[in-house]
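Each chain gets a letter, A, B and so on, in the order its sequence line appears, and its residues count up from 1. Since the structure is predicted, the reported quantities are computational estimates derived from the model, not experimental observations.
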There are 2 protein chains.
Amino acid sequence: MSTKNKILDAAEKLFADKGFNGTSLREITSLAEVNLAAVNYHFGSKKELIKAVMSRYMDELSPKLEAALGVICQSSDQPSLIEVFSAFVEPLLALNNFQEHGTTNFLQLLGRGYTDSQGFLRWFLTTSYPNVIDNFVEAVHKAYPALSAEDMFWRLHFTMGTIVFTMSSSDALMDIARNDFNNNVDIAGVIKQVIPYVAAGVAAPI
Amino acid sequence: MSTKNKILDAAEKLFADKGFNGTSLREITSLAEVNLAAVNYHFGSKKELIKAVMSRYMDELSPKLEAALGVICQSSDQPSLIEVFSAFVEPLLALNNFQEHGTTNFLQLLGRGYTDSQGFLRWFLTTSYPNVIDNFVEAVHKAYPALSAEDMFWRLHFTMGTIVFTMSSSDALMDIARNDFNNNVDIAGVIKQVIPYVAAGVAAPI
DNA sequence: CGTTAGTTTAAACACTTGTTTAAACTGTGT
DNA sequence: ACACAGTTTAAACAAGTGTTTAAACTAACG
């Protein structure tokens with residue numbers, strides 16, 4: 001495996017676990033078993049490394065999401081909100097083939113991107129991958145045409161918050177669920193739980 | 001104003017803005033216009049300062065929340081979920097009398113507590129103020145008895161995520177809403193938007 | 001072989017972090 | 001006036017941060 005990929009793998013794991021601010025380059029290079037200076041040689045800076053970690057996932061995920069949402073938009077039937085949100089499931093779970101713990105890591109990283117780093121990552125993501133968001137908004141509008149643009153705006157952000165916040169602490173939550181309910185739930189189980197919740201939230205009467 | 005309170009006020013503002021990890025003691029003491037060593041003299045460590053900032057709010061808020069939720073629990077009628085969540089509104093908005101921008105600051109800090117600091121703040125809050133959570137769970141159960149303990153657990157965490165995530169980026173969101181919809185929304189308006197969403201989410205069919 | 005571009009390495013850089021020290025200052029009570 | 005507890009202060013501490021440097025290594029090509 002190349003030095004570059006060793007760094008990306010180690011950084012991904014540590015960033016998801018402890019946040020971008022909370023992870024030092026020395027921790028990353030030590031886990032990756034490469035020299036400290038290799039990060040700046042291959043990526044230029046820590047900020048660029050963060051972008052590279054996120055891009056690796058987004059480049060894999062965004063075409064699949066665009067496609068799945070596009071099918072819903074172009075179908076002649078009116079979709080249910082459950083169907084719209086379910087379009088995310090398979091592409092998200094497929095990240096587990098792409099990388100070990102890919103689904104969890106990506107969703108945790110997404111959450112970090114919103115809370116760490118004063119929003120520079122949010123800006124990077126929304127400007128780099130606007131089609132995903134556009135298709136999503138269109139699909140939701142098709143499923144619930146009565147929703148005004150402003151209500152839509154707020155409810156999509158509430159949904160984003162639910163997903164991202166849940167996933168960024170999903171390890172702790174799954175531990176609690178295991179202890180308190182003897183129910184061995186995994187990331188797919190959490191996604192199954194959250195879809196009815198957000199679908200009902202978006203569908204709430206105005 | 002005492003040195004201790006000057007530190008608490010400055011720390012609160014900076015913590016809410018940039019997170020616990022992202023704020024240095026020198027930034028705090030410089031904004032508070034006190035000596036650097038004053039933090040360790042009055043609070044012992046940065047960790048204890050974080051706890052103190054949160055405790056100041058929780059000690060103000062938790063009796064009011066317990067009371068408001070207690071009323072619902074002890075009433076003979078079955079409450080709606082909208083009523084349960086509405087019980088939070090007045091105590092939360094009252095924080096604006098307690099401190100400038102108190103509502104926003106507190107909710108942002110709560111969000112930081114879940115994502116920064118590897119969960120030590122979550123542990124501190126749930127063990128220090130268990131009655132609030134217990135009363136809340138009881139009220140929700142009364143409004144929706146069919147919900148199993150496990151489903152309740154997940155949906156309450158989804159709700160927590162919605163609130164906390166929304167509020168931690170509420171400034172940016174309100175700006176967007178102002179630009180895109182010419183609608184001058186404030187924090188009370190956001191709360192009005194979010195209550196139907198979370199109520200519908202928790203009430204979703206199983 | 002010798003050259004050269006690409007990569008890895010140890011060391012140092014300048015800077016920031018939370019914490020501690022010991023001296024100076026403050027006001028209150030004797 | 002003195003003493004003393006409480007508080008503030010400047011300075012230093014050790015440890016950790018991202019980044020840069022220049023030398024060493026590696027492999028491919030003429």
query = How close or far is atom P of C/dT19 from atom CG of B/Leu49, stated in whole angstroms?
reply = 10 Å
ask   = How long is the line joining NZ of A/Lys47 and P of D/dT17, in whole Å?
value = 19 Å
query = Rounded to the nearest Å, what distance is computed from the CG atom of residue A/Asn21 to the C1' atom of nucleotide C/dT17?
reply = 13 Å
request  = Using a cut-off of 6.0 Å, state whether more than 12 heavy atoms not belonging to B/Glu27 lie near its atom CD.
outcome  = yes
message = With a 3.5 Å cut-off and heavy atoms only, can you find an N or O donor on one side and an acceptor on the other between the side chain of A/Arg26 and the base of D/dG18?
response = yes
ask   = Could A/Lys6 and A/Asp9 be called an ion pair, given the rule that one side-chain N must be under 4.0 Å from one carboxylate O?
value = no
ask   = Are A/Phe165 and B/Phe165 an aromatic pair by the rule of ring centers under 6.0 Å?
value = no
key: Distance, nearest 0.5 Å, that separates CZ of A/Phe124 from CD1 of A/Ile50   = 10.5 Å
inquiry  = Just the rounded figure in Å: distance from C1' of C/dT20 to NZ of B/Lys46.
reply    = 17 Å
request  = Ignoring backbone atoms, test whether B/Ser24 places a side-chain nitrogen or oxygen under 4.0 Å from the OP1 or OP2 oxygen of C/dT16.
outcome  = no
task = Starting at atom CD1 of A/Ile28, determine the distance to atom P of D/dG16, rounded to an integer number of angstrom.
result = 16 Å
query = Heavy atom of residues 35-42 of chain A under 4.0 Å from DNA chain C: which residues?
reply = A/Asn35, A/Ala37, A/Tyr41, A/His42
message = Checking the side chain of B/Ser75 only, and the main-chain atoms of B/Val71 only, is there a donor and an acceptor separated by less than 3.5 Å?
response = no
task = Mind checking the CD-CG spacing from B/Gln99 to B/Asn97? Nearest 0.5 Å is all I need.
result = 11.0 Å
message = In this structure, how many angstroms lie between the P atom of C/dT16 and the NZ atom of B/Lys18, rounded?
response = 12 Å
query = Between A/Phe106 and A/Tyr57, how do the two ring planes meet: parallel, tilted or perpendicular, split at 30° and 60°?
reply = tilted
ask   = Under 4.0 Å between a side-chain N or O of B/Thr3 and OP1 or OP2 of D/dT8?
value = yes
request  = Answer with base, sugar-phosphate or nothing: what part of the nucleic acid does B/Thr23 contact at a heavy-atom distance below 4.0 Å?
outcome  = sugar-phosphate
Position toward the 5' end of DNA chain D (nearest nucleotide), A/Gly44 or A/Glu27 = A/Glu27
query = A/Leu25 has an atom CG; how far is it from atom P of C/dA12, in whole Å?
reply = 20 Å
query = Atom CD1 of B/Ile7 and atom P of C/dT19: how far apart are they, to the nearest Å?
reply = 13 Å
